[in-house]
Amino acid sequence: VARVGLRSAVRVTSRALSNVGGRQRAVPAATVEDQDTRKTFADVQKERQQQAKHSVLINCPPNVNEKTFLNYLSQHGQVANHFFYESYGTHAVVEFFDQENVESLRSHATVPSVQNEYVLPFKSRIFTLNSASSSSGVPVECHRQSSLPINELIQKLCRAQNIEEQTYLLLEEYQLTDENLRLRFLVSSLIKDIAAAYFPEATVNPYGSTVNSFGKLGCDLDLFLDLENIQRKKPGKAGGPFATEYLMKRVTSGRAATQRILSVIGECIDNFGPGCTGVQKILNARCPLVRFSHQPAGLQCDLTSDNRIALRSSELLYIYGNFDHRVRSLVFTLRCWARVHGITSAIPGAWITNFSLTMMILFFLQKRNLPVVPTLDHLKSLAGKEDQHIIEGHDCSFTSNLNKMKPSENPDPPDLLLGEFFEFYGNFDFTKNCIDIRKGKEQNKPESSPLYIRNPFEQNLNVSKNVNQSQLDRFVALARESAWIIQDQMNQSVERENKVWGLGMVLLPAVFQGIGKIKKKRKRTPASDRIKSLLDSLKTNGKAR
Ligand code: GTP
Ligand code: MG
């Protein structure tokens, strides 16, 4: 089982000095070490999927004795990796070295005997461990699976040395951990087991923020049910006067086929999927999906099919996120900023989405005098034969090899980029121009949507068509105010003890009260009673820790 290297690819654990653009700066150590051996998206996915195949999920008794637990499991085979977490009780993800070990555990597990109820005997890789004894009396160490509340995050940021370090600290706190990724890929593999009841050759792969390097702890799990393996199968060797094909039902469109398949898999998840609750079939959406909650994993899942371009978008974002260490720190910081101020929302509506915001950040980074990231057209020009992908008539080709890309010569630290991002969009001519990461240049808007962000692959589509004028106005007003605050914070060298400063100042909702609503010019000092009490509460909490 290939397990090496994944952790360093996702965790920022320590800092090192790097000479970027002739200036020594603190950057995450992992980004320095991994420069020459950066894995392709496909390699990372394959390793994670392999781990997941050998893994099981076990609901443990409270205060389970870890040593006894591992001893018990070792009768089925060697445990390669394990960790505990809390979600509706204590759970463990256990990875065995071999798939046979999982089969051994399965063959020894029994069907629960219940009174006044009936079990639906679908045997998955989720188990309950019942124990009469062996409690250690002390709770096992559980890994956190959700991100820090904003107030606690701001307190932590206050302990950094400077704003640049604050952006890396935010990234470190928010990004998906190795354990969380293992859990996500395990859920994906468990859903594949359900789909396999009808379609043994189908695969289920995570996409979206789980894999695009911008996932925050607690984000949803986007799953893609891939049936292409079935269609792609080549005819067998047998020749002769006939060719045999399957008799199969036919429908009038690919969309209708996707709806039928998702409908049935949704029913299976609802009826038999252990721990799957709140199943909703949203089949008439532009992209049909099945939404459900995976309770033992504590994850909200969206299962789609026939959404191959979204998979390519995920890989493209992964390439950008891993190209330069500043990209992820900036994206995480701005996603956090946008969420705190209600620019993005968990509820669908006229808000800017995380995906649109990320496109805006990449476009801004392409527009620097010395670009921080290349254009999509440049990535396409580096594409090899294996990178050529035409999907539904759209050219989705770009290099998957990070080692082919020349590092950026731009020396700007993330704090400077953050301030310039706010200024750039505070002054952007949204009435005239559209944003396009393929060209990295403003172009005339083809139609009158308030915000026009060209879909990188389906170039005639606007990814932010849903955004209305008032949401865009709020974004611009907040960007202008934040530009002012960050500038002010960068110039200050005041006493920081027990004070919110730097990045914390643009993440405090109270500082912005009324921005985007009141047209009157505001007094900019954070002196209102509300802010004072917020700061006081942060101080008190800080002391209590
Ligand atoms: P989170 O907010 O952390 O879930 O980010 P996300 O990137 O996972 O976004 P979301 O779950 O909304 O969508 C999953 C994936 O679908 C994205 O990563 C994109 O690849 C794709 N996607 C989302 N919104 C759009 C859109 O408006 N247009 C297009 N073309 N693709 C989208
Ligand atoms: Mg998502």
Side-chain angles (χ1 to χ4, degrees), residues 41 45 145-147 171 174-176 180-181 184-185 187-188 204-226 282 285-294 297 299-321 327-328 331-340 342-362 376 389 391-396 398 434-438 449 451-468 471:
F41 180 78
Q45 302 314 298
Q145 305 297 320
S146 58
S147 52
L171 169 65
Y174 269 16
Q175 69 186 339
L176 299 180
N180 193 259
L181 279 163
R184 284 168 182 266
F185 274 80
V187 169
S188 173
V204 174
N205 306 309
Y207 72 103
S209 54
T210 297
V211 295
N212 69 16
S213 81
F214 300 123
K216 173 185 161 191
L217 279 173
C219 70
D220 68 350
L221 172 60
D222 301 297
L223 295 172
F224 177 72
L225 171 68
D226 194 346
I282 310 169
R286 191 181 74 84
C287 180
L289 70 121
V290 174
R291 179 164 288 169
F292 60 96
S293 161
H294 197 281
L299 290 168
Q300 189 65 31
C301 306
D302 278 353
L303 176 70
T304 57
S305 193
D306 192 24
N307 194 12
R308 201 161 292 281
I309 292 186
L311 281 188
R312 283 302 278 169
S313 308
S314 302
E315 178 163 0
L316 179 65
L317 293 191
Y318 170 89
I319 293 283
Y320 278 121
V327 178
R328 292 179 70 228
V331 170
F332 273 82
T333 301
L334 284 164
R335 282 189 175 199
C336 177
W337 168 82
R339 193 71 159 90
V340 163
I343 292 170
T344 53
S345 166
I347 310 156
W351 294 274
I352 295 174
T353 62
N354 272 336
F355 185 65
S356 296
L357 180 64
T358 310
M359 292 290 133
M360 293 172 87
I361 300 166
L362 294 175
L376 176 51
H389 287 262
I391 304 170
E392 292 153 24
H394 302 286
D395 191 347
C396 303
F398 56 85
C434 83
I435 290 160
D436 182 1
I437 65 158
R438 180 170 284 282
S449 297
L451 176 61
Y452 198 106
I453 303 173
R454 221 184 265 282
N455 185 315
F457 299 122
E458 295 164 273
Q459 285 265 285
N460 52 345
L461 296 182
N462 173 12
V463 301
S464 52
K465 206 175 169 53
N466 61 315
V467 177
N468 65 21
Q471 288 303 322

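All heavy atoms count here, side chains included; hydrogens, waters and symmetry mates do not. All figures in this text were calculated on a predicted structure; none of them were measured in a lab. Atoms within a ligand are numbered from 1 in the order they appear, just like the ligands themselves.
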Which is it for L311 and V211 under the side-chain contact (heavy atoms from CB on, under 4.5 Å) test, yes or no, and what are the steps along the way? CA-CA 10 Å; L311 281 188; V211 295; over 6 Å; no
Determine, step by step, whether F41 and Y318 satisfy the ring pair (Phe, Tyr, Trp, His ring centres under 6.0 Å) criterion, reporting the C-alpha distance in whole Å, the side-chain angles of both residues, the deciding distance to 0.1 Å, and the verdict. CA-CA 7 Å; F41 180 78; Y318 170 89; 5.4 Å; yes
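Under 2.8 Å from the Mg ion (ligand 2), one finds the following protein N/O/S atoms: D220 OD1, D222 OD2.
Pairs passing the side-chain hydrogen bond (donor to acceptor under 3.5 Å, both in side chains) check and including a residue from residues 348-358, sequence neighbours excluded, read R335-T358, T353-S356.
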Run through all N or O atoms in ligand 1 and write down each protein N or O closer than 3.5 Å, as a pair with its distance.
from     : atom 1 : to   : atom 2 : distance (Å)
ligand 1 : 2 (O)  : N354 : ND2    : 2.9
ligand 1 : 3 (O)  : S209 : OG     : 2.9
ligand 1 : 4 (O)  : D220 : OD1    : 2.8
ligand 1 : 8 (O)  : S209 : N      : 2.9
ligand 1 : 8 (O)  : S209 : OG     : 3.1
ligand 1 : 8 (O)  : D222 : OD2    : 3.0
ligand 1 : 11 (O) : D220 : OD2    : 3.4
ligand 1 : 11 (O) : D222 : OD1    : 3.3
ligand 1 : 11 (O) : D222 : OD2    : 3.0
ligand 1 : 20 (O) : A310 : O      : 3.4
ligand 1 : 27 (O) : V463 : O      : 3.4
ligand 1 : 30 (N) : N455 : ND2    : 2.8

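Pairing each heavy atom of F224 with each of N307, the nearest pair is CE1-N, 3.2 Å. For G321 against V327, the heavy-atom pair with the smallest separation is CA-CG1, 4.1 Å.
Partner of S305 under the side chain to side chain contact (heavy atoms under 4.5 Å, CB included) criterion, chosen from L289, L225, V204: L225.
A cation-pi arrangement is absent between R308 and F457 under the rule of less than 6.0 angstrom and at most 45 degrees off the ring axis.
Taking T304 as the reference, Y207 meet the side-chain hydrogen bond (donor to acceptor under 3.5 Å, both in side chains) condition, with sequence neighbours excluded.
Side-chain contact annotation: Q145 with N180, donor-acceptor N/O pair under 3.5 Å present.
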